[in-house]
Amino acid sequence: MEKLVTSWYKNKTLPQSYIFPPETRPGNLTVPTCKTIPVIDIGNAVGRTRTRIVQQILKASQEYGLFQVINHGIPEDLMDQSMDVFKEFFEMPAEDKAMLYSQDLTKSCRLSTSSSNYTREKVHHWRDKLGHHCHPLEDYIKLWPEKPIRYREVVASFSIEAKKLASRILELIAEGLGLPSGYFGYKLKLSASCKSKKQGEANLGFLESDPASEGFADFKSL
């Protein structure tokens with residue numbers, strides 16, 4: 001637990017073990033940048049405009065490798081509640097998080113820091129992470145953090161909506177590639193059936209805390 005950045009960053013200066021040597025930093029390398037990324041309104045993926053949205057997704061995937069979606073259907077208040085409860089988790093006292101801390105990569109719910117190579121890496125990453133499977137909920141929700149009290153309720157609701165959105169986007173991609181309806185859903189189920197429960201047959205919820213900004217960098221439902 002003493003390794004968690006959130007347990008010590010307010011009371012001590014930055015350790016040398018978190019500072020990358022100058023020769024490993026980007027330095028003056030020229031990195032391609034852009035001012036915007038594609039923003040796609042998938043709320044318009046109906047009727048006559050559906051084909052246009054599908055083409056926008058394919059174009060963004062080919063040219064950028066990513067895109068932002070708007071009018072996706074996930075309620076804004078649910079997203080706000082989710083971010084709030086994630087922040088509450090990392091702000092809890094160390095004793096409330098101790099039972100979740102582990103370096104065992106096979107655990108379905110695990111609190112850790114830096115990377116999976118913590119003991120071998122020369123320089124640590126400035127982050128704490130909580131990772132857990134999300135689906136099927138009935139199998140995994142009982143392994144999630146018990147605190148904050150509303151964690152399981154809020155995150156379960158968000159993971160359900162995130163899964164719906166992911167399926168919707170995959171269906172649009174499949175359509176654009178000329179694949180049968182439900183193609184990716186079938187492939188995901190097939191892949192899951194080849195894995196044991198211990199490895200996880202479901203989506204992964206990943207939380208990353210950035211103590212420097214006192215916020216959260218990412219939540220992914222895969």
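Everything quoted here is computed from the prediction, not taken from an experiment.
The stretch residues 65-79 participates, sequence neighbours left out, in these side chain to side chain donor-acceptor pair (under 3.5 Å) pairs: D41-N71.
Here the side chain of R110 pairs a donor or acceptor atom with the backbone of S102 at under 3.5 angstrom. Side-chain atoms of S82 never come within 3.5 Å of backbone atoms of F158 as a donor-acceptor pair (strictly under, hydrogens ignored). W144 places a side-chain N or O within donor-acceptor distance of the main-chain N or O of H133, the cut-off being under 3.5 Å.
Between H124 and Y118, the two ring planes are parallel [angle under 30°; tilted spans 30° to 60°]. Ring pair Y151/F89 is tilted by interplanar angle, where 30° to 60° counts as tilted.
To the nearest 0.5 angstrom, I37 atom CD1 is 5.0 Å from L66 atom CG. Rounding to the nearest 0.5 Å places CD1 of I42 at 5.0 Å from CG of L165. Summarising the geometry, atom CG belonging to D96 is positioned 13.0 Å from atom CD belonging to E91; distances are rounded to the nearest 0.5 Å. Atom-to-atom distance recorded for Q81:CD and R150:CZ is 6.0 Å, nearest 0.5 angstrom.
Of all non-hydrogen atoms in E2 and W8, the two that sit nearest each other are O-CD1, 3.3 Å. In plain terms, the two heavy atoms of L105 and S116 that are nearest each other are CD2-CB, 3.7 Å. Here the closest non-hydrogen pair linking L130 and C109 is CD1-SG, 4.1 Å. Here the closest heavy-atom approach between residue K142 and residue D139 is recorded as NZ-O, 2.8 Å. Across every non-hydrogen atom of A156 and I141, the tightest pair is CB-CD1, 3.9 Å. For the residue pair L170 and F184, the shortest heavy atom distance occurs at O-CD1, 3.3 Å.
The number of heavy-atom neighbours closer than 6.0 Å to CZ of R25, taken from other residues, nucleotides and ligands shown, is above 12.
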Quiz prompt | Verdict with supporting geometry, R152 and E146, side-chain contact (heavy atoms from CB on, under 4.5 Å) | solution = CA-CA 7 Å; R152 294 182 178 181; E146 296 183 10; 3.3 Å; yes
Quiz item: Do S181 and E171 pass the side-chain hydrogen bond (donor to acceptor under 3.5 Å, both in side chains) test, and can you show the C-alpha distance, the side-chain angles, and the key distance before you say yes or no?
Solution: CA-CA 7 Å; S181 177; E171 186 68 14; 2.6 Å; yes
Quiz prompt | Evaluation steps, side-chain contact (heavy atoms from CB on, under 4.5 Å), between E88 and I149 | solution = CA-CA 10 Å; E88 286 177 38; I149 300 299; over 6 Å; no
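At a threshold of 4.5 Å between side-chain heavy atoms, the hydrophobic network of Ile, Leu, Val, Met, Phe, Trp and Tyr places I70 and I74 in two separate groups. A single hydrophobic cluster is seen to contain both L143 and V154, as judged by linkage of ILVMFWY side chains at heavy-atom distances under 4.5 Å, directly or through other members. Residues M92 and L100 are members of one and the same hydrophobic cluster, defined by side-chain heavy-atom contacts under 4.5 angstrom among Ile, Leu, Val, Met, Phe, Trp and Tyr. At a threshold of 4.5 Å between side-chain heavy atoms, the hydrophobic network of Ile, Leu, Val, Met, Phe, Trp and Tyr places V69 and Y64 in two separate groups. One hydrophobic cluster, built from ILVMFWY side chains closer than 4.5 Å, holds both L177 and I40.
Residues satisfying the side chain to side chain contact (heavy atoms under 4.5 Å, CB included) test with E95, not counting sequence neighbours, are P93.
Residues Y101 and S7 are not in side-chain contact: their nearest non-hydrogen atoms beyond the backbone lie 4.5 Å or more apart. Inter-residue side-chain proximity for L111 and L4 is flagged as met; some heavy-atom pair is nearer than 4.5 Å. Looking at heavy atoms from C-beta onward, I169 lies in side-chain contact with F67 at the 4.5 angstrom threshold. Side-chain contact between K147 and K97 is absent, with no heavy-atom pair separated by less than 4.5 Å. Using a 4.5 Å heavy-atom cutoff, the side chains of Q56 and L172 are not in contact.
Using a 4.0 Å cut-off between charged side-chain N and carboxylate O, E161 and K164 make a salt bridge.
Residues S112 and Q103 bring no donor and acceptor atom of their side chains to less than 3.5 Å of each other. Residues T6 and D128 bring a donor and an acceptor atom of their side chains to less than 3.5 Å of each other.
Considering H125, K129, R127, E121 as possible partners of S114, the one that fulfils the side-chain hydrogen bond (donor to acceptor under 3.5 Å, both in side chains) test is E121.
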